[in-house]
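Written below as C-alpha cells is the structure these notes are about.
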Amino acid sequence: MQTTQDFLMTVRTRFAPSPTGYLHIGGVRTALFNWLFARKHGGQFILRIDDTDAGRNIEAALAPILHGFKWLGIDWDEGAEVGGPYAPYYQSQRLERYQAAVKALLDKGLAYWDYSTEVERKAEREAADKEKRPHHYSRRWLAETAADRAKFEAEGRQGSVRLKMPREGTCEFNDHIRGPMKVAWAQEQDHFITRTDGSCLYNLANVVDDFDMKITHVIRAEEHLSNTPRQIFIAQGLGYPLPEYAHLPFVAEPGSKRKLSKRELEKYLKNADFKKVNEHGRAIAEKLGLEMKPETFNPVIVDFYEQVGYLPQAVVNYLLLLGWAYDDKKEWFTRQEMIDLFSLEKVNKAAASFDVKKLFAFQEHYMQELPLEEKVRRVLPFLEKAGVPSGQAAGTVAAIVRAAGDRIKVAGDILDYCDFFTPDDRLKYDEKAFDKSIRNDANALPLLKRVADLLAKAEPFETAALEKLLHDFLQAEGLKFNRLHAPLRVALTGKAVGFGLFDTLAILGKERSLTRIELAAGRVNV
RNA sequence: GCCCCCAUCGUCUAGUGGCCUAGGACAUAGCCCUCUCAAGGCUAAGACAGGGGUCCGAAUCCCCUUGGGGGUACCA
C-alpha cells in the first residue's frame, strides 16, 4: 500500500539495537527488512543505539553488533560510527530532548506528575482484579500544581511523570502488515514516561527519536503492536506527524511457535537439527581454539556463522525468506533482487520458526556456487588460525579445495582435511578402519606393495593419469577396484572416507604417497 | 482476568471465492549414479486446527471454539 507520504518524503527506516554484546538472529531479520525497505525506496537506513539502561562499556558491547551488520552487508546511512545530520544517535546522549518532550506534554496537560508508590499502585490493581473490573489508576496521587508536588514531596514521596491517557474513544491506525487497527483508549493505562530518577522510558524516547530523525516507516517486531496507541498518543500530543507502521511477526523457536529467545539455548539444543548445526560449529571452533561461551557462540547469534565460515549471503537469503516470500517459486535472491522485489505487503502475519537446517541448506547452495579461487580465499584464514603453515601450502590448498568439492559446506570444514598437512609419520589412523581394510585383509598388504611399485614409476603423478594407470593394472590382474580401494585409502589417509582416491594420491604427491603406504605396511604387525 | 494479534505438509511458504484431486523449497524415505564420503538425478510419503454459517461454489468471507503469541511494568 503506497501512501501520499511515500512520494513526498524519502523513506527513512531505523533499527535500534541495545548494546548487549551480541547480535540476535531475530533482531537481524527485523533490521534486514528495515534495510531492504529503505534501499528499495532509495531512502536511508538509520542505526540508532538504544543504550538507555546499558552499563558503562557501551563501545565494547556494541562492537560485535556493528561488526555483525557489516559482515552481513547491512550498511547504515546514519547512526553509530558514521554520525549524520540528526546526531547524536545514542539515546544516552539525547536526554535533553526527552526532557523537553516531557515538559511539553506536562504543559499541555497530557501528562502529569504522579506520587504514588509501587505498593499503592499494586494494591489498586489487585483490588480491581478481585472485583473483575478493568483497572485504571485512580490518579489519587496526581499532582497538578507546584503546591501539590511540594506537599507530596514533604511526605517523602518521589514523583515521576505519566501519561494522562484518554479513557474514551478509540485509537485507529493502519499497519502495513496487519491492516487497519482499532483499539479502545480505555485499554490503555497511564503509562509512565519517566522514572523517579528523572530518566526517560522507552515509549517516550522512541517517539521523540523517531520524530527527530525523521523516520517515515516504523518497521519493528510484533511485540510493539500493543505499544503503538500509547506512542501515537505521545506523538500527537507533541504535534508530531505519525510515521507509517509495520509490525513484523516474530521469529519463533526451532520447531515451535514461541518467540525465539537468547536465554533458552538448553531447550533449543533438544531440537535435533539445532543440535547438529551447533555441534558442527563447535567442532570447528574447537579446532580453531575459539572461545565458545554458549551464550554468545550458538546458532541464535550471528557471530556463530561468521566464525564457523558461513557465507553472509546464505544467512541473509535465509532470513529474507523467514516470514516473507516473493512467490511460489523463487528462492534464491541476489542482493539487488532482494532490494527490488521486497515489499511489506508480502510479509507474513504469522510467526515463523527458525530452522537452522534450512539455513544450512542455503549455505550449501551458495558454497557450491563459489568459484574455486573464492573458496580458497575463504578457507585460507581458517587454516592459518588452526596453525597450518600457509606459505608453501598455498598451491596444495587449491588442490584440496578442488578435490573436496561439495564436502566443504562451510569454510571451517577445511579443517577436516588438515591431514594433508600433517607430517606422514604423525598421521593418525582410524584403527577400526585400519583393522578392517589392512590388518585383517590378507590380500591388502601384498597388493599395496605392488601398487607402490607401480606408483613409483608413475609419470605424471596426476589424477587422470593415476586413474588410468591403476585401473589398467587392476584389469590386467583381473581384480575389482574395490579390492584396492579401501586398503589404499586407509594407508594414505588413515581414514575410511575421504576424497576421490586419485585426487588424494595427486595431492600427496608421489613421494609422500609412497611414504604413507610404507608406514601403513610397517604398522600392520605392531 | 481484560485487550490485541495470529493459525496451509515436521519446517519455511504459494494461495486474496471456481485455475486446488492445494503448488514449491528444506528435512525424511526409497531407488539410480558411484572408488568411500559427499554431490547429483528420479520417485514416494506429508497440510488447509475443529465446528457452524454465507454462497451455485470456500484454504480463501463471517461467527464460535481450541491452540499459540503479545500487551496490561518506573523492560525494550
Side-chain angles (χ1 to χ4, degrees), chain A residues 16-18 50 52-53 114 116-118 121-122 125 128-135 158 160-162 175 177-178 181-184 186-189 191-203 205-206 220-230 247 249-250 252 254-259 271-273 318 321-332 346 348-362 364-365 368 404-409 416 433 437 467 470-471 474 480-486 488-490 493 495-502 504:
Chain A
S18 32
D50 178 357
T52 42
D53 60 2
D114 181 63
S116 63
T117 64
E118 200 182 336
R121 290 193 299 272
K122 200 173 161 215
R125 223 172 6 238
D129 281 352
K130 214 169 188 172
E131 295 169 33
K132 297 200 168 172
R133 64 182 154 79
H135 166 251
Q158 286 189 305
S160 48
V161 180
R162 54 202 299 193
D175 187 281
I177 292 166
R178 277 148 227 282
M181 299 292 303
K182 199 171 173 183
V183 183
Q187 287 308 320
E188 291 289 315
Q189 303 297 327
H191 302 284
F192 283 91
I193 52 176
T194 73
R195 298 187 176 90
T196 39
D197 66 5
S199 62
C200 289
L201 267 352
Y202 169 77
N203 284 123
N206 201 263
R220 69 209 331 183
E222 186 185 4
E223 57 258 42
H224 294 285
L225 187 60
S226 308
N227 294 336
T228 307
R230 73 198 66 153
H247 288 93
F250 53 81
S256 127
K257 288 289 176 202
R258 228 163 251 134
K259 189 176 147 195
N271 176 283
D273 294 339
Y318 170 73
L321 262 21
L322 198 55
W324 182 86
Y326 178 65
D327 61 15
D328 62 339
K329 293 280 183 296
K330 194 164 173 58
E331 291 247 282
W332 314 108
K346 282 177 171 285
N348 245 290
K349 291 190 183 78
S353 73
F354 181 54
D355 180 358
V356 268
K357 207 61 192 291
K358 183 140 185 179
L359 193 165
F360 195 82
F362 275 91
E364 283 188 84
H365 172 88
Q368 283 177 10
D406 299 330
R407 275 164 277 231
I408 297 178
K409 298 182 191 302
D416 287 342
S437 303
E467 179 165 8
L470 289 176
H471 269 130
L474 290 168
K480 290 213 164 157
F481 187 72
N482 280 335
R483 294 291 292 279
L484 173 65
H485 170 236
L488 220 209
R489 174 181 302 287
V490 175
T493 66
K495 291 174 184 155
V497 298
F499 302 163
L501 249 194
F502 311 107
T504 306

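Everything numeric here is computed off the predicted structure, so don't read it as measured data. Below, read A as the first sequence line, B as the second, and so on, with proteins coming before strands; counting in each chain starts at 1.
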> What nucleotide, of B:rC26, B:rG70, B:rA38, holds the atom closest to the side chain of A:E223?
Replying inline: B:rG70

> On a whole-Å scale, what distance lies between the C1' atoms belonging to B:rU66 and B:rA49?
Replying inline: 8 Å

Filtered N/O pairs between nucleotides 2-5 of chain B and protein, under 3.5 Å:
| residue | atom | partner | partner atom | Å |
| --- | --- | --- | --- | --- |
| B:rC3 | O4' | A:Q187 | OE1 | 2.9 |
| B:rC5 | O2' | A:R178 | NH1 | 2.6 |

> Of all the choices, B:rA39, B:rG70, B:rC12, which nucleotide is nearest to the side chain of A:A352 once you look at every atom?
Replying inline: B:rC12

> Would a distance-only check, ignoring hydrogens and angles, find a side-chain to backbone donor-acceptor pair under 3.5 Å from A:S199 to A:R195?
Replying inline: no

>> Taking B:rA73 as the reference, what is the distance to B:rC63 when you measure between their P atoms (whole Å, please)?
In response: 29 Å

>> Of the listed nucleotides (B:rA38, B:rA14, B:rU72), which one gets closest to any side-chain atom of A:A325?
In response: B:rA14

>> Can you tell me the base-pairing partner of B:rC2? Count Watson-Crick or G-U wobble geometry only, both distances below 3.5 Å, and say none if there is no partner.
In response: B:rG71

> Do the ring planes of A:W332 and A:H365 sit parallel (below 30°), tilted (30 to 60°) or perpendicular (above 60°)?
Replying inline: parallel

> Can a side chain N or O of A:S353 be found less than 4.0 Å away from OP1 or OP2 on B:rC12?
Replying inline: yes

> For B:rU28, which nucleotide is its Watson-Crick or G-U wobble mate, given both distances must be under 3.5 Å?
Replying inline: B:rA44

Between the protein and nucleotides 33-36 of chain B, which nitrogen or oxygen pairs are less than 3.5 angstrom apart?
| residue | atom | partner | partner atom | Å |
| --- | --- | --- | --- | --- |
| B:rC35 | O2' | A:H485 | ND1 | 2.6 |
| B:rC35 | O2' | A:H485 | NE2 | 2.6 |
| B:rC35 | O2 | A:H485 | NE2 | 3.3 |
| B:rC35 | O2 | A:R489 | NH2 | 3.4 |
| B:rC35 | N3 | A:L501 | N | 3.3 |
| B:rU36 | O4' | A:H485 | NE2 | 3.4 |
| B:rU36 | O2 | A:G498 | N | 2.8 |
| B:rU36 | O2 | A:G498 | O | 3.2 |
| B:rU36 | N3 | A:R489 | NH2 | 3.2 |
| B:rU36 | N3 | A:G498 | O | 2.5 |
| B:rU36 | O4 | A:G498 | O | 3.4 |
| B:rU36 | O4 | A:F499 | O | 3.3 |
| B:rU36 | O4 | A:G500 | N | 3.2 |

>> Categorize A:R133 for me: base, sugar-phosphate, or nothing, with a 4.0 angstrom heavy-atom threshold over every strand shown.
In response: nothing

> A:R178 side chain to A:H247 main-chain N or O, any donor-acceptor pair under 3.5 Å?
Replying inline: yes

> Out of B:rA38, B:rC74, B:rA27, which nucleotide sits closest to the side chain of A:L201?
Replying inline: B:rC74

> Short question: side chain of A:K346, backbone of A:Y326 - any donor-acceptor pair under 3.5 Å?
Replying inline: yes

> OP1, OP2 of B:rC75 versus side-chain N and O of A:R195: anything below 4.0 Å?
Replying inline: yes

> Is there a donor on the side chain of A:K358 or the base of B:rA25 sitting less than 3.5 Å from an acceptor on the other?
Replying inline: yes

> Is there a Watson-Crick or G-U wobble partner for B:rU34 with both distances under 3.5 Å, and if so, which one is it?
Replying inline: none

> Think A:R125 has a side-chain N or O under 4.0 angstrom from the OP1 or OP2 of B:rA73?
Replying inline: yes

